[in-house]
Amino acid sequence: MERRDGARTAESLAASVLLRVPAVTDRLVRTIYEQNPGYLEVNSVPADDLWQSCHDNITRVLQLVAGMEHRPDRSAVDDYFHIDDYFDAAYATGRRRAEQRMPLDDVLRSFRLGGRLVWEALIDEAREQGMVDMDALLDVAGKVWEVVDSTSSRVAVAYHSAERHLVRADEQRRAALWEGLLHGRAKDLAFAYEAARTLGVPVDGRYAVVAVEVQDEDDRAATLLERRLAGARVDSVWQLRAHTLVGLLALGTVALDVVLGVLRGAVRTPAGLSGVVSRLSDVDVAYRQATLARRTLPADRVEVASLAERLPEALLLSSPELARQLVELWLAPLMTLPAAERQLLLDTLEMWVAAAGSIRRTAELAHCHRNTVLNRLHRIHQITGRDLTAAAFQVELGLALRAARLFPPTPHG
């Protein structure tokens, strides 16, 4: 069957315009710079890259308008040339612009400008050839915009695919930088500057680290904490690693107590806050402090533990052998008692240490008579063989009681 007039017109006009693609390309590049200022503002697409991309895509659009992929005189070899191969320039452009971080809206706008210029070039060619068949020209217009739409969709597909790949690569690179930072690689100044640039933090300045226990990989906790801290003029960056959300806090001039208040108002899981370090190269120290502070929390406590408030517990955790020896030396004999008496005497010891060895104050805390306190202390002395009235032993006993919360001895009754 004879081909429609519109198809013949499209093929004829497109074939003629194909002979002057470089001139159309020059015009499109000028138009993009004039009407799509994003290319100049972002300045990530080299001029020769833009020209070549415009040239290749105009060529493919004209070939598709001409219907070359459906021509009846194609050879057998041409059968291996799939229609999608005519969109190779579109796919290549989408990938490159994603890699160049050019906004997709600006890229697609350039394709719309290109479609308009191709249509104008076809109309100019029709005038030169004296074509007056308006129905045929309308068919050509429909074909042009059908091809431009198809080309633009391929650009978007390639762009999004490359963008996902870049995001994954960025995430992997960011994770690698975080791991290096938390393991002390920022002692190398080059690494410190790369980490600072990637994470958007200064190399020098007051830092703290917070380690928050999380149950899943939901990033809403990081977003909430980042927003809350920003309200206190503290910049922060976050990384999830093995059920721990790690926050690097750039304190500036903000006091650590202010940060602690913000965290305690926002965190609903066990967490630890480090002390202050003075540069990015010491973040590994702060990270160890934060995880240590979190470990000082008893299993049933949900709060933000500040290292500054829990230094004795941190010291005991740092030397678990000595901590267990303190528990064994001071408290193990009490573990042989029946549960009720054992708990009563342990509570009395807690209050006696809190009262700095004052019998009167211990009695007030225990809500009992001072003679009752004396009797309980005498009972503890009989069981443990320890003189509780000596001031020097109060420090040791206090540490033993703290250690018992970290390394609970096994009761025997």
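Because the structure is a prediction, the values reported are computed rather than measured. Each residue takes its place number in the sequence, starting with 1.
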Exercise for review: Give the intermediate values and the outcome of salt bridge (charged side-chain N to carboxylate O under 4.0 Å, His left out) for residues Glu313 and Arg301.
Suggested key: CA-CA 14 Å; Glu313 287 85 354; Arg301 290 273 291 280; over 6 Å; no
Check your understanding: After noting the C-alpha distance and the side-chain angles of Glu11 and Lys143, does the key distance pass the salt bridge (charged side-chain N to carboxylate O under 4.0 Å, His left out) rule?
Key -> CA-CA 11 Å; Glu11 180 177 344; Lys143 180 67 172 177; over 6 Å; no
Point to revise | Arg97 vs Val45, side-chain contact (heavy atoms from CB on, under 4.5 Å): CA-CA, chis, key distance, verdict | key: CA-CA 8 Å; Arg97 297 300 175 261; Val45 180; 3.6 Å; yes
Practice item. Might you work through the salt bridge (charged side-chain N to carboxylate O under 4.0 Å, His left out) test for Arg185 and Asp284, ending with a clear yes or no? Key: CA-CA 8 Å; Arg185 286 193 59 198; Asp284 60 317; over 6 Å; no
Check your understanding: Hey, mind stepping through Arg30 and Glu34 against salt bridge (charged side-chain N to carboxylate O under 4.0 Å, His left out) and telling me if it holds?
Key -> CA-CA 6 Å; Arg30 289 194 302 270; Glu34 291 169 0; 5.5 Å; no
Review point. Hey, mind stepping through Gln52 and Asp48 against side-chain hydrogen bond (donor to acceptor under 3.5 Å, both in side chains) and telling me if it holds?
Key: CA-CA 6 Å; Gln52 190 63 51; Asp48 57 344; over 6 Å; no
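Within the 3.5 Å criterion, the main-chain N or O of Asp106 finds a donor-acceptor partner in the side chain of Asn36. A distance-only check finds a donor-acceptor pair linking the side chain of His381 to the backbone of Arg386 [under 3.5 Å].
Between the side chains of Ser16 and Gln129, at least one donor N or O sits under 3.5 Å from an acceptor N or O. In the model, Trp51 has no side-chain atom that pairs as donor or acceptor with a side-chain atom of Ser53 under 3.5 Å. In this model, a donor atom of one side chain and an acceptor atom of the other lie less than 3.5 Å apart for Thr93 and Asn57. Counted by atom type alone, Thr348 and Arg376 present one or more donor-acceptor pairs between their side chains at under 3.5 Å. Remark: the Glu226 side chain and the Trp238 side chain contain no N/O donor-acceptor pair separated by less than 3.5 Å.
Taking 4.5 Å as the limit, every side-chain heavy atom of Val210 sits out of range of all side-chain heavy atoms of Ser274. Counting heavy atoms from C-beta outward, Ile123 and Arg127 have side chains that approach closer than 4.5 Å. Within the 4.5 Å cutoff, no side-chain heavy atoms of Trp178 are placed close to those of Arg241. Taking 4.5 Å as the limit, some side-chain heavy atom of Ile32 sits within range of a side-chain heavy atom of Leu50.
Crowding of Glu364 atom CD: a count of heavy atoms from other residues, nucleotides or ligands under 6.0 Å exceeding 12.
Here the closest non-hydrogen pair linking Thr362 and Met351 is OG1-O, 3.8 Å.
The side-chain contact (heavy atoms from CB on, under 4.5 Å) test with Val237 singles out one residue from Val246, Leu248, Leu249, and that residue is Leu248.
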